[in-house]
Amino acid sequence: MSSAPPLSGHYLSSFGPAFFKETGPLFSPGSRPKSRDKSLRIRTYGIRTHNSFRIRTSKTQDLKPFRISTYRKTGEGRGGILTRIVRPNSSAAACWVAARALLFVLLFAALFSLPIHAQAKRKVIIDQDCAGPGGTDMQAVLTLINSPETDVLGITVLTGDAWRDEEVQHTLRLLEIIGRSDIPVLPGAVFPLVNSKEYIAKWEKFYGKIIYQGAWNFASHHPVHGPYDIPPMPEGAPTIKASTEDAAHFMVRMVRQYPHEVTIYAAGPMTDLALAIALDPHFSEIAKELIVMGGSMNPQTDDPEFNLSPRREFNFWMDPEASHAVLHAHWPRIVLTTVDISVKTRMEKTLIDQVAKSPTPAAQYVAKYAEANYLWDELAAVAWLDPSFITKWQKLYVDVELDHGASYGDTLAWAPGHQPGMGEVLVDVQKDLDKDKFYKEYVDLLTRPTPQAHSAPGKQN
């Protein structure tokens, strides 16, 4: 309507164009009022239809000095529930002010009476190189599963810190131990798109040794082995199986099923994500956001892995071509946890001792298998759950060097206005943190009971 009608009441409706008709007090359908109460002026609220209009009263309640009426209006197949607040018309202006005040109180009460559990959980896919047992990979997985805020749609596993097939077995066993074998585990990429162990061996003859190469040169509980070997598992072998669906197709399917709702948490090489983008060019656009542990710019550390090679970080380095593709895709948002902030944290013995006090299966798993190390992936995970302990941020354009010279796989970064303009994407980079607050939240997540846990088939060794 182009102008508001005279107001002696206020109305709530989900309907479109409406008209007002002045009547006497409310009366039942088919009846007529015996007398007209001139102290009460009521305006009925309806919908324009072609030629008919009906009212059926469903509820009327006196709340002095107001009358609240709820009724259904229908006409030509259209209708719905309407509510109005009416009071004696001592003063039109006074009635309008009072009615608005009461309406605000009623809406406020209705809003805050909604149960907290009605809020939707945060859907997340964990794309992780799940070396185990214990360690930064598995501890990050536990923080995300143990959060009451998350709905973990699946865990996609690819070669990184260890070979994929071994990692899949460790992931399945972890889920058994904590009672969450309902979460699907999806095998991902075994090898990078272009890079390889053999190529890096030749590269090193020209440019020198690379200290850490993940599965290619490192193993914590056994000798380095081939891609399809599965050494004895300290925590015991799982009895459940991985999904027959591959990681990339699963991620595309989930993002299509829940458009703009799924967060991708990526804390390993970027190969699975690059494959998903190749399968569906719109994959990154319809995800909610990308949370990444990766990249290194200028970490302040004496660690020999970084102090002379500050731009080399394993997750981006192992598959540079995949990292480049992911960082050029059109994500709604990318958050980056780099080496620079990660080396400010550490899984000290005091933290392990705090976790060990909890009797939960998750806490006892961590207490048994945790080792002193930087909290690489855990920092990225917990900061996604609660970014308030990140005290400093910086927006940067980030890429990975693809030239196969000495800087192959290094992290590249530019301040806004200085980027090459070749499709780089602006990224939210974490720079500093409140370490004590992070440690507290991290320990709380590892020691709390696992949501939706069921009885585990088998015992932890």
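In this structure the side chain of W414 reaches within 4.5 angstrom of the side chain of D399, judged on heavy atoms. Using a 4.5 Å heavy-atom cutoff, the side chains of P227 and D165 are not in contact. Counting heavy atoms from C-beta outward, V355 and T447 have side chains that approach closer than 4.5 Å. Side chains of L174 and P133 form no contact here, defined as non-hydrogen atoms less than 4.5 Å apart. In this structure, the side chains of V141 and R180 stay at 4.5 Å or more apart for every pair of heavy atoms. Contact of the Q213 side chain with the E204 side chain is registered, since non-hydrogen atoms from C-beta on lie closer than 4.5 Å. Proximity of N195 to P320: side-chain heavy atoms (C-beta onward) are separated by under 4.5 Å at one or more points. Using a 4.5 Å cut-off on side-chain heavy atoms (C-beta onward), Y397 and P420 make no contact.
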Exercise. Could you check M138 against T171 for side-chain contact (heavy atoms from CB on, under 4.5 Å), going step by step and ending with a plain yes or no?
Key: CA-CA 8 Å; M138 292 306 197; T171 306; 3.8 Å; yes

Practice problem: Applying side-chain contact (heavy atoms from CB on, under 4.5 Å), run through I145 and I155 and close with a yes or a no. | Solution: CA-CA 10 Å; I145 294 177; I155 304 172; 4.2 Å; yes

Practice problem: Could you walk me through whether L186 and I125 pass the side-chain contact (heavy atoms from CB on, under 4.5 Å) test, one step at a time? | Solution: CA-CA 10 Å; L186 299 301; I125 294 172; over 6 Å; no

Practice problem: Take V124 and W384 through the side-chain contact (heavy atoms from CB on, under 4.5 Å) test and state the conclusion after the steps. | Solution: CA-CA 11 Å; V124 61; W384 173 63; 3.7 Å; yes

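With salt bridges taken as basic N to acidic carboxylate O contacts below 4.0 Å, none links E167 and R164. We find that K440 and D444 are joined by a salt bridge, their nearest charged nitrogen and carboxylate oxygen being less than 4.0 Å apart. Checked for salt-bridge contact, D151 and R122 miss the test: no charged N lies under 4.0 Å from a carboxylate O. Using a 4.0 Å cut-off between a side-chain N of Lys or Arg and a carboxylate O of Asp or Glu, E401 and R311 do not qualify as a salt bridge.
In this structure, the side chain of K344 engages the main chain of K431 through a donor-acceptor pair within 3.5 Å. In terms of modelled atom types and a separation under 3.5 Å, the side chain of D432 and the main chain of K392 share no donor-acceptor contact. Looking at H454, its side chain does come within 3.5 Å of a backbone N or O of S181 through a donor-acceptor pair. Between the side chain of D302 and the main chain of N307, no donor-acceptor pair closer than 3.5 Å is present. Between the side chain of W331 and the backbone N or O of V326 there is at least one donor-acceptor pair closer than 3.5 Å. Checked by atom type and distance alone, the side chain of Q139 pairs as donor or acceptor with a backbone atom of G135 at under 3.5 Å. With N217 contributing its side chain and I211 its backbone, the two residues share a donor-acceptor pair below 3.5 Å. Counting only distance, with no hydrogens or angles, the side chain of E176 and the backbone of T239 share a donor-acceptor pair below 3.5 Å.
Counting all heavy atoms, side chain and backbone alike, P269 lies closest to T159 at CG-O, 3.5 Å. Of all heavy-atom pairs spanning P451 and R448, the tightest one is CG-NH1, 3.6 Å. Considering all non-hydrogen atoms of both residues, V152 and L144 come closest at CG2-O, 4.0 Å. Residues M270 and V292 approach most closely at CE-CG1, 4.1 Å, considering heavy atoms. Contact record, T391 with D434: CG2-N, 3.7 Å, taken as the closest heavy-atom pair. Closest approach of G295 to T411, counting heavy atoms only: CA-OG1, 3.3 Å.
Interatomic distance, CG of L396 versus CD1 of I334, reported as 12.0 Å (0.5 Å rounding). Distance check, rounded to the nearest 0.5 Å: CD1 of I183 to CD1 of I178 gives 6.0 Å. Here I277 contributes atom CD1 and H282 contributes atom NE2; the two are 12.5 Å apart, rounded to the nearest 0.5 Å. Going from atom OH of Y265 over to atom CE of M293 covers 9.0 Å, rounded to the nearest 0.5 Å. Separating the OG atom in S284 from the NE2 atom in H328 is a distance of 12.5 Å, to the nearest 0.5 Å. Separation of atoms CZ (F314) and CH2 (W216) is listed at 7.5 Å; rounding is to 0.5 Å.
Side-chain N/O atoms of E289 and T263 include a donor and acceptor closer than 3.5 Å. Under the 3.5 Å distance criterion, with hydrogens and angles disregarded, a donor-acceptor pair is assigned to the side chains of D377 and Q128. No donor-acceptor contact under 3.5 angstrom links the side chains of T338 and E313, judged on distance only.
The aromatic ring centres of Y207 and W203 sit less than 6.0 Å apart.
Scanning for salt bridge (charged side-chain N to carboxylate O under 4.0 Å, His left out) contacts around D353 gives K349, with sequence neighbours left out. Applying the ring-ring contact (aromatic ring centres under 6.0 Å, His included) criterion to H222, with sequence neighbours excluded, gives H225.
The residue from Y442, Y439, F438 that alone fulfils the ring pair (Phe, Tyr, Trp, His ring centres under 6.0 Å) condition with F389 is F438. Shown are I126, V168, T156; of these, the side-chain contact (heavy atoms from CB on, under 4.5 Å) with V185 is made only by V168. In summary, of the residues considered (D303, T345, T136), a side chain to side chain donor-acceptor pair (under 3.5 Å) with Y374 occurs for D303 alone.
For the pair K123 and Y258, the cation sits on the ring face: its NZ or CZ lies under 6.0 Å from the ring centre, inside 45° of the axis.
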